[in-house]
There are 2 protein chains.
Amino acid sequence: MDTQNEKLTIQQVAELTGLSVHTLRYYERIGLIHAIDRAQNTHRRYSMDDVGWIDFLNKLRAAGMSIQQMQAYSELQRQGDVTLPERVEMLKTLRLQAEACMDELRENLKIIHYKIDYYEGVIAEGENLQEVS
Amino acid sequence: MDTQNEKLTIQQVAELTGLSVHTLRYYERIGLIHAIDRAQNTHRRYSMDDVGWIDFLNKLRAAGMSIQQMQAYSELQRQGDVTLPERVEMLKTLRLQAEACMDELRENLKIIHYKIDYYEGVIAEGENLQEVS
DNA sequence: TCTTGACTTAGAGTGCGCTCTAAGTTGTAA
DNA sequence: TTACAACTTAGAGCGCACTCTAAGTCAAGA
């Protein structure tokens, strides 16, 4: 079995990547994905490499990269290894942003945690008072 | 000095909370903030309690709560302590979501980390080859 | 042959969370 | 008194990231 060359329909890729078929076409249109190969009937046929790239795009998104930045990254990627230093810079910047974001989130969660504890205290007190009265 | 009763202008509250004056009025309009006290000239005058509430709203936002959910939360808050259990539930749900989000982000960052290391290896290799040739 | 369903395109529409505009009022300082 | 800055309102506009629509093509199965 030549699994390397098996080609996937847009529907299958949507299921594999969690993106909708609409979004897959949208990503291709705006240049996040290169022009996908076509079957004779003009239908898209994705390779596993394509799926790998889309998975990576998903990670960039989830890490907080904007569509615009992803367009820039994809363009660099298409230009080959010459742009590796630039791409590394982008990834490093993204990492810093994401880490800052996580630190802030952690702080906020701490405060929300306190709030939950405090409120549960108040609720417990209210129940005790009811028992007394 | 009666700092408790000092009242702040919308501009001052914008600076204190990091929200724009537009956003402060917007939040009030959609019910995230109760109707703020007015000076004789109809200008808003915020109390420090108001600022505290707005800071808390900011934390909810930063933790990923939507405006809609914040509207619901604010409405419950206005109804008083009877709604404490419901609010605690909302906060607990938010905490779970935020923690899941952080876990995912951590995973993605790990992969981005690997990618950076790998690319830096490729770049270093390329430089070595150049020295040889 | 006919229907069904998966695909295609260009382009319009949506929901979110602001963000800005226009027109008007008020208070202070030159 | 006149300029200016800070505020007010209702409502329009915007950027992002999709998401959907309409109209059409094509291949397989009843």
Side-chain angles (χ1 to χ4, degrees), chain A residues 6-47 50-51 54-74 94 97 101 104 108, chain B residues 6-47 50-51 54-74 94 97 101 104 108:
Chain A
E6 270 189 64
K7 293 287 193 161
L8 303 164
T9 67
I10 196 165
Q11 186 58 53
Q12 290 170 317
V13 173
E15 275 153 28
L16 279 174
T17 61
L19 295 178
S20 71
V21 296
H22 295 298
T23 302
L24 284 170
R25 284 192 282 254
Y26 165 67
Y27 274 15
E28 188 176 338
R29 194 164 64 216
I30 66 171
L32 291 188
I33 306 173
H34 68 85
I36 295 293
D37 284 353
R38 302 300 176 113
Q40 296 94 314
N41 58 8
T42 75
H43 292 192
R44 286 173 180 81
R45 288 295 175 264
Y46 292 79
S47 70
D50 295 333
V51 173
I54 294 162
D55 280 340
F56 180 59
L57 288 180
N58 271 334
K59 290 185 204 319
L60 294 181
R61 279 295 296 133
M65 192 181 270
S66 72
I67 294 284
Q68 271 203 3
Q69 286 174 307
M70 283 165 60
Q71 287 175 309
Y73 191 97
S74 304
L94 180 66
Q97 284 170 356
C101 177
E104 200 202 320
N108 289 336
Chain B
E6 269 189 65
K7 292 288 193 160
L8 303 164
T9 66
I10 196 166
Q11 186 59 51
Q12 290 171 317
V13 173
E15 276 152 28
L16 278 174
T17 61
L19 295 178
S20 71
V21 295
H22 294 298
T23 302
L24 285 171
R25 285 192 280 254
Y26 166 66
Y27 274 16
E28 188 176 335
R29 194 164 62 214
I30 67 172
L32 292 188
I33 306 172
H34 68 86
I36 295 292
D37 283 353
R38 302 303 177 112
Q40 295 94 314
N41 58 7
T42 75
H43 293 191
R44 286 172 181 81
R45 289 292 175 264
Y46 293 79
S47 71
D50 295 333
V51 173
I54 295 163
D55 280 340
F56 180 60
L57 288 179
N58 271 335
K59 290 184 204 319
L60 293 180
R61 279 295 296 135
M65 191 181 272
S66 72
I67 293 285
Q68 271 201 8
Q69 286 173 308
M70 282 165 60
Q71 286 175 309
Y73 191 96
S74 304
L94 180 67
Q97 284 170 356
C101 176
E104 200 203 321
N108 289 336

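Basis for what follows: all heavy atoms, side chains included, without hydrogens, waters or symmetry-related copies.
For C:dA6, neither phosphate oxygen OP1 nor OP2 lies less than 4.0 angstrom from any side-chain nitrogen or oxygen of A:Arg45. Put simply, B:Arg25 has a side-chain N or O that comes within less than 4.0 Å of OP1 or OP2 on D:dT8. The shortest distance between the side-chain N/O atoms of B:Tyr27 and the OP1/OP2 oxygens of C:dG17 is not below 4.0 Å. Look at B:Arg44 and you won't find any side-chain N or O under 4.0 angstrom from OP1 or OP2 of D:dC7.
Atoms CD1 (A:Ile30) and P (C:dA10) sit 15 Å apart, rounded to a whole Å. Atom OH of B:Tyr46 and atom C1' of D:dT8 are 12 Å apart (whole Å). The CG-C1' distance, from A:Leu60 to D:dA17, rounds to 16 Å in whole Å. Atom CG in B:Leu57 sits roughly 15 Å away from atom C1' in C:dC18 (whole-Å rounding). Going from atom CD1 of A:Ile36 over to atom C1' of C:dT8 covers 15 Å, rounded to whole Å. Distance, B:Leu24 CG to D:dC7 P: 11 Å, rounded to whole Å. Summarising the geometry, the separation between OH on B:Tyr26 and P on D:dA10 is reported as 16 Å, rounded to the nearest angstrom.
The side chain of A:Arg38 has C:dT9 as its nearest neighbour among C:dT9, D:dC18, C:dC18.
When the side chain to side chain donor-acceptor pair (under 3.5 Å) test is applied to A:Glu104, no partner is found at least two apart in sequence or on another chain. Not counting sequence neighbours, A:Gln40 has no partner by the side-chain contact (heavy atoms from CB on, under 4.5 Å) test. A:Asp55 pairs by the salt bridge (Lys or Arg N to Asp or Glu O under 4.0 Å) definition with nothing, not counting sequence neighbours.
For the pair B:Glu15 (side chain) and B:Gln12 (backbone), a donor-acceptor distance under 3.5 Å is absent.
Between A:Met65 and A:Arg61, the closest heavy-atom pair is O-NH1, 2.7 Å.
Listed by residue number, A:Thr9, A:Ile10, A:Gln11 are the residues of residues 8-20 of chain A with a heavy-atom contact under 4.0 Å to DNA chain C.
For the pair A:Gln68 and A:Met70, the minimum side-chain heavy-atom distance is 4.5 Å or more. Put simply, the side chain of A:Leu57 does not reach to within 4.5 Å of the side chain of A:Tyr73, judged on heavy atoms.
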Please tabulate, one pair per line, all N/O donor-acceptor pairs under 3.5 Å involving side-chain atoms of residues 22-33 of chain B, not counting sequence neighbours.
{"from": "B:Thr23", "atom 1": "OG1", "to": "B:Ser20", "atom 2": "OG", "distance (Å)": "2.9"}
{"from": "B:Glu28", "atom 1": "OE1", "to": "B:Arg44", "atom 2": "NE", "distance (Å)": "2.7"}
{"from": "B:Glu28", "atom 1": "OE2", "to": "B:Ile36", "atom 2": "N", "distance (Å)": "3.2"}

(request) Would you mind building the protein contact string for nucleotides 20-30 of chain C? One character per nucleotide, 5' to 3', B for base within reach (heavy atoms under 4.0 Å), S for sugar-phosphate only, - for untouched. (result) BB----SS---

